[in-house]
There are 2 protein chains.
Amino acid sequence: MNYSRQREIIIDALSKNAVHPTAEKLYDIIKREHPESKIGIATVYRNLSKLADAGKIKRISALENSEHFDHNTFEHYHFMCEKCKQIFDIDANIAPDITKKIFEQTGFVVKDYDIVLKGVCKNCQHRNN
Amino acid sequence: MNYSRQREIIIDALSKNAVHPTAEKLYDIIKREHPESKIGIATVYRNLSKLADAGKIKRISALENSEHFDHNTFEHYHFMCEKCKQIFDIDANIAPDITKKIFEQTGFVVKDYDIVLKGVCKNCQHRNN
DNA sequence: ATGTAAAATGATAATAGGTATCACTTATTA
DNA sequence: TAATAAGTGATACCTATTATCATTTTACAT
């Protein structure tokens, strides 16, 4: 990855804005704070995506851009296999009392959650592609 | 909520397809299994949304349709306040060893996660609207 | 310093998931 | 069974994101 002034600005703006902004939000911030830069919105999207792929920043996106629905409303979490794209259920006792703990540590009342873990499922681990 | 044949088909299809389908996927399944129904895609979206609002099914969507980015790549989770829409960091020790536990219980290798908890932050609890 | 190839940019067209609109149909209930 | 509320299908629209492409920057060998 070569150096670019725009990328530097983007990384800098993201590190100074700990609000987990969207690409759009970050674009607004940059335009406001660097009116001379004339940065394009595509550059922001492009760089955020590239930086996330490179592991320099984290993309928070859960289920790759489309909503999924679950008939089971009983508390449980989800695991999405990167290879076969299937979503599996994970028993809630993996992280018991998470709601209670968060309230104790932060005072935040948890009403809902999307806990999506990603990786490779058992089946796909034994496959080549 | 009144009865409708389409809604019945949607609920039935969702309960029989534990793969956590998207609205689009469910629409395809329904067209295939009920070719007589002539259901429209908008009806599927509308009903899934309504059913999720009513708590009859669960919507898995994390961050309401746009990706967010985080400069901090060190393991931690997120809490989104429903009222002020801010995203806060939650320390990873809330659910320690989650990766290890999942591997032990399921054999799935976790490589990444989006753990997004939603509710009301401390500040907003003391506000009226 | 300078030429060249690879990488990056900005503007904008294109795409895709999801929602709004509206005329029409179906359920509910008095 | 008539009146009204709720639901439907078709499709236009919106919005987040990606692709395209001509132009500009960067890296780096000369």
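None of these values were measured; they are calculated from a predicted model. Naming convention: chains lettered A, B, ... in sequence-line order (proteins, then strands); numbering from 1 in each chain.
One atom, CG of B:Leu48, and another, C1' of C:dG17, lie 13 Å apart when rounded to the nearest Å. Rounded to whole angstrom, the span from the CD1 atom of A:Ile9 across to the P atom of C:dA8 amounts to 16 Å. Look at CD1 on B:Ile39: it is 16 Å from P on D:dT11, rounded to the nearest Å. C:dT26 atom P lies 12 Å from atom NZ of B:Lys38, rounded to whole Å. Between the P atom of C:dT9 and the NZ atom of A:Lys31 lies a distance of 17 Å, rounded to the nearest Å. Look at CG on A:Leu26: it is 15 Å from C1' on D:dT17, rounded to the nearest Å. Distance, B:Tyr3 OH to D:dT8 C1': 14 Å, rounded to whole Å. Computed from coordinates, the A:Lys25 NZ to D:dT17 C1' distance equals 16 Å when rounded to whole Å.
In this structure, the nucleotide among C:dG18, C:dA8, D:dT11 sitting nearest to the side chain of A:Ser4 is C:dA8. Here D:dA16 is the nucleotide among C:dT19, D:dA16, D:dG9 with the atom lying nearest to any side-chain atom of A:Glu24. Between D:dA10, D:dT17, D:dA19, one nucleotide has an atom nearer to the side chain of A:Tyr45 than all others, and that is D:dT17.
Comparing A:Arg5 and B:Ile41 against DNA chain D, the residue whose closest nucleotide sits nearer the 5' end is B:Ile41. Both B:Asn2 and B:Val44 sit near DNA chain D, but only B:Asn2 has its closest nucleotide nearer the 5' end.
With A:Tyr113 as the aromatic partner, B:Lys58 meets the cation-pi criteria of under 6.0 angstrom to the ring centre and within 45 degrees of the ring axis.
Contact annotation: the side chain of A:Phe108 approaches that of B:Ile90 to within less than 4.5 Å [non-hydrogen atoms, C-beta and beyond].
Across all strands shown, B:Arg46 has heavy atoms under 4.0 Å from base atoms, whether or not it also approaches the sugar-phosphate.
Under the 30°/60° scheme for interplanar angles, the aromatic rings of A:His20 and B:His76 are found to be tilted.
OP1 or OP2 of C:dA8 lies within a sub-4.0 Å distance of a side-chain N or O belonging to A:Lys50. Applying the 4.0 Å criterion to OP1 and OP2 of D:dT25, one finds that A:Gln6 has every side-chain N and O outside that range.
More than 12 heavy-atom neighbours from other residues, nucleotides or ligands sit within 6.0 angstrom of CZ on A:Phe88.
Checked for salt-bridge contact, B:Lys101 and B:Glu104 miss the test: no charged N lies under 4.0 Å from a carboxylate O.
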